[in-house]
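Here's the structure, in structure tokens; my notes come after.
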Amino acid sequence: MNRPRFLPLLTALIIAVAAAAVPSSAASAAPAGASTGPGTVMLIGGALDDDNSAVYGEFVRQAGGAQARIGVLSASSATPHSSANQVGKLLERYGAAEATWIPVNVKRDGSGDDPEHAALAASMTGFFFAGGDQFRYVQSMIHPDGSDGAVLAAVRQRFLAGAPVAGTSAGMQIFAGPDMITGGSSYHGVRDGAQPGYFDTDEVLGYWPAGGFNFFTSGLVDTHFDARGRNGRSIRLAADTGHDRVYGVGEDTALIVTGAGSANETARVVGSNGVSILDLRSAQVGQVAGHWSISGVRWSYLTDGDTYDSDQWQVTTGATNAPLVPDSRPAAPPTTDVFGSYALRDAALDLADAGLSTATAGTTAETAPPFVVGLAKDAAFRAYTVDGLAAASFTDLTLSIQAG
């Protein structure tokens, strides 16, 4: 049996924290469960290329351009100083006046409550959170009772006053609200379901009921989405925890969110890959061959320039996109590793291009049992192209998962 690895002092609190969802803190500049404020939230799916000027440049601009003073947080990293140094050099290369490491570190007890670190954070015009392991941010910046540490309280106060926050990989995941993913693979997650906690193995789909920093809460979020085949794990977690929407952000790509937490929340995609939005409002969970199954998930895939209105659940395609005219051909043969790197994304785009097919399916490489992921086009499905030759994005593709 895999044993969960919890923080000391938190093992006994997980049920209480889950019930409270997001406790408040009188010591914080704003309670952990407060509505997010006017600062832009930049969700970066990981593996951000150093030359991605669209993402880095936009963040620096939002933080004040040539006057930007950006605080770099890297407690998630196994080598926090070097990680922060690398990020800082890039931010200054893209025009920030100053990028400064705020030295919160899981190896330095109390660093998340250090008054000098908090004062440093309070002087910044924006914040960039590096990748690694998101649970290290929980360990170092959130108190055992769920309240903000002093540095997080200062970051939150600046965010509520308009400072943008950006996070890549684990630095993005920590922005999540309740039921933040802590780890796990798609196959084992689909097969076994989600468990609250933090685990040492990728064979357990783990989640933290209280969530992360609660900067972005209109759906679950997941990172490295297509490159690591994470559709399955995020769909299973959403179904198990009662969420009806997932944002899966691809590598070298950002979802730039304005008005986070409000009725005016909108998001724009920037980068070389895409963002998946999974809509579970009409999904049906059941059993097939004695194993968990789901049908009726609606999948939209957005690329650079596409925008999304979360209140209206509405996609607007970018100015360079045009409706796709599919080829007169059938879909490619089904993949036999459907949760492999880019396999499901590529199968979906191929199906969009295939004018003679309305559905396709792929199977998992794992066979105990195998699962089948089905994709289908119905009357609501739309696909778009940038170059006129192939599908770049789509909306309302139907997805199902069942044992096969």
Side-chain angles (χ1 to χ4, degrees), residues 5-8 10 32 41-48 50 55-56 59 70-91 99-114 117-118 120-121 124 126-144 146 148-156 159 164-177 179-184 197-202 206-208 210-216 220-225 227-228 230 249 251-252 254:
R5 174 163 62 89
F6 296 104
L7 272 173
L10 284 179
V41 178
M42 188 173 287
L43 306 171
I44 304 168
L48 184 61
D50 291 355
V55 173
Y56 280 115
F59 177 66
I70 299 172
V72 180
L73 284 301
S74 57
S76 59
S77 174
T79 56
H81 189 198
S82 61
S83 294
N85 187 51
Q86 180 180 5
V87 171
K89 287 180 178 178
L90 284 167
L91 293 170
T100 302
W101 181 38
I102 301 175
V104 178
N105 188 336
V106 291
K107 296 178 182 179
R108 295 177 58 192
D109 288 344
S111 60
D113 279 309
D114 188 306
H117 299 348
L120 184 61
M124 296 297 160
F127 300 92
F128 194 103
F129 289 78
D133 182 340
Q134 58 266 29
F135 204 64
R136 292 188 182 120
Y137 283 124
V138 175
Q139 291 175 299
S140 59
M141 299 186 72
I142 301 175
H143 293 146
D148 291 352
V151 173
L152 178 55
V155 171
R156 192 183 303 280
F159 171 60
V165 293
T168 182
S169 190
M172 168 190 146
Q173 191 63 254
I174 194 61
F175 292 172
D179 307 317
M180 178 188 73
I181 293 172
T182 57
Y198 179 86
F199 301 85
D200 283 317
T201 173
D202 216 32
Y207 69 98
W208 199 244
F213 296 163
N214 287 267
F215 289 159
F216 182 72
L220 294 179
V221 299
D222 207 350
T223 62
H224 301 277
F225 201 65
R228 300 186 186 179
R230 286 177 165 174
V249 185
E251 292 187 346
D252 195 38

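Both backbone and side-chain heavy atoms feed into the values below; hydrogens, waters and symmetry mates do not.
Of all heavy-atom pairs between Ser111 and Val151, the closest is O-CG2, 3.9 Å. The minimum heavy-atom distance between Met124 and Ile102, with the atom names listed, is CG-CD1, 4.5 Å. Listed here is the closest heavy atom pair of Asp148 and His143: O-CE1, 3.1 Å. The two residues Gly131 and Ser76 have their closest heavy-atom pair at O-OG, 2.8 Å. The two residues Leu152 and Phe215 come nearest to each other via the heavy atoms CD1-CZ, 4.3 Å.
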Working for side chain to side chain donor-acceptor pair (under 3.5 Å), residues His224 and Ser169: CA-CA 7 Å; His224 301 277; Ser169 190; 2.7 Å; yes
Passes side-chain contact (heavy atoms from CB on, under 4.5 Å), Phe129 versus Thr168? Steps please. CA-CA 7 Å; Phe129 289 78; Thr168 182; over 6 Å; no
For Arg230 and Thr223, run side chain to side chain donor-acceptor pair (under 3.5 Å): C-alpha distance rounded to whole Å, both residues' side-chain angles, the deciding distance at 0.1 Å, then the answer. CA-CA 8 Å; Arg230 286 177 165 174; Thr223 62; 3.3 Å; yes
Start with the C-alpha gap between Glu251 and Leu48, add the side-chain angles, then the distance that decides, and say whether side-chain contact (heavy atoms from CB on, under 4.5 Å) holds. CA-CA 6 Å; Glu251 292 187 346; Leu48 184 61; over 6 Å; no
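Side chains of Gln173 and Asp222 form a contact here, defined as non-hydrogen atoms less than 4.5 Å apart. Phe175 has its side chain within reach of Val41: a pair of non-hydrogen atoms, C-beta onward, lies under 4.5 Å apart. Considering only heavy atoms from C-beta on, Leu91 comes within 4.5 Å of Val72 through its side chain. Between Val249 and Ile44, the closest side-chain pair of non-hydrogen atoms is not below 4.5 Å. When side chains are defined from C-beta on, His81 does not count as touching Pro103, because their heavy atoms never get closer than 4.5 Å. Counting heavy atoms from C-beta on, the side chains of Val165 and Met42 never come closer than 4.5 Å.
A side-chain donor-acceptor contact under 3.5 Å links Asn214 to the backbone of Gly212. Judged by distance alone, with hydrogens and angles left aside, the side-chain atoms of Gln134 form no donor-acceptor pair with the main-chain N or O of Ala176 at under 3.5 Å. No side-chain donor-acceptor contact under 3.5 Å links Asp113 to the backbone of Gly149. Side-chain atoms of Asp202 come within 3.5 Å of backbone N or O of Gly184 as a donor-acceptor pair.
The side chain to side chain contact (heavy atoms under 4.5 Å, CB included) search around Pro164 returns Thr40, Phe59, Gln62, Ala63, not counting sequence neighbours. With sequence neighbours excluded, the residues that form a side chain to side chain contact (heavy atoms under 4.5 Å, CB included) with Arg136 are Ala78, Val106, Asp133, Gln139. When the side-chain hydrogen bond (donor to acceptor under 3.5 Å, both in side chains) test is applied to Asp252, the partners found at least two apart in sequence or on another chain are Asn52, Ser272.
Residues Ser83 and Ser74 have side chains that never bring a donor and an acceptor to within less than 3.5 angstrom of each other. For Ser82 and Thr79, the side-chain atoms include at least one donor-acceptor pair closer than 3.5 Å.
To the nearest 0.5 Å, the span separating NE2 on His117 from CG on Leu73 amounts to 10.5 Å. In this structure, CG in Asn105 is found 6.0 Å from CH2 in Trp101, a value given to the nearest 0.5 Å.
Ring centroid separation for the pair Phe159 and Phe127 does not come in under the 6.0 Å cut-off.
The residue from Phe213, Phe135, Tyr137 that alone fulfils the ring pair (Phe, Tyr, Trp, His ring centres under 6.0 Å) condition with Trp208 is Phe135.
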